[in-house]
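The shown structure was predicted, so the numbers you read here are calculated from the model rather than taken from an experiment. One-based numbering along the sequence shown.
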Amino acid sequence: MIIQKMHGMGIRSEHAYLAGMASIGLSIAAWATSLTAEPGVGLARADRWGIYVGEWAPTFFGLGLALSQYEQADGTLQESDIHHLKDKVQEKVAA
């Protein structure tokens, strides 16, 4: 039901995957920022910030998988641009 609602709102599996990748980058940035912007509080606090934000990534990837399965069943899963690029390359090689 939640996945169906998210899909109805226009959220696609690609969005969730991108959010997961962004979360990984944000986790590294949060760790580095906490380490340098808060001197004297130690490495442990920076590690906690990095881990906290890093825990979002699996959630986003899980949502991406659920949305992808829903999109497959619904028939709305879009082929990625890489498939179109592959077809164009194969056409040029055949010509």
Side-chain angles (χ1 to χ4, degrees):
M1 178 121 174
I2 292 173
I3 298 301
Q4 183 179 9
K5 182 79 169 169
M6 290 175 68
H7 182 77
M9 292 170 45
I11 300 171
R12 301 293 181 253
S13 58
E14 294 86 13
H15 301 143
Y17 293 139
L18 287 172
M21 294 301 292
S23 172
I24 292 169
L26 185 59
S27 175
I28 294 167
W31 177 82
T33 301
S34 180
L35 190 61
T36 58
E38 299 175 315
V41 295
L43 182 62
R45 186 168 185 172
D47 287 348
R48 284 192 298 271
W49 269 110
I51 291 169
Y52 171 70
V53 177
E55 289 179 352
W56 301 348
T59 303
F60 287 129
F61 288 130
L63 284 171
L65 288 171
L67 284 164
S68 177
Q69 288 179 348
Y70 182 83
E71 291 164 3
Q72 286 177 354
D74 191 29
T76 58
L77 183 66
Q78 300 292 322
E79 284 189 35
S80 67
D81 292 335
I82 194 72
H83 292 198
H84 298 295
L85 185 60
K86 178 183 165 190
D87 293 340
K88 287 181 182 180
V89 169
Q90 287 178 344
E91 289 173 3
K92 288 185 179 184
V93 169

Do [X] and [Y] touch side chain to side chain, with heavy atoms closer than 4.5 Å?
X: Tyr17; Y: Leu65; result: yes
X: Leu67; Y: Arg12; result: no
X: Leu63; Y: Ile2; result: no

Worksheet item: Phe61: what forms a ring-ring contact (aromatic ring centres under 6.0 Å, His included) with it, not counting sequence neighbours?
Response: none

Run the side-chain donor-acceptor check on residues 19-29: report pairs under 3.5 Å with partners two or more places apart or on a different chain.
residue, atom, partner, partner atom, Å
Ser23, OG, Val53, O, 3.0
Ser23, OG, Ala57, N, 3.3
Ser27, OG, Gly50, O, 2.6

Worksheet item: Which value, rounded to the nearest 0.5 Å, describes the distance between Ser13 atom OG and Met6 atom CE?
Response: 10.5 Å

Discussion item. Rounded to the nearest 0.5 Å, what separates atom CD1 in Ile3 from atom CD1 in Ile11?
Written reply: 9.0 Å

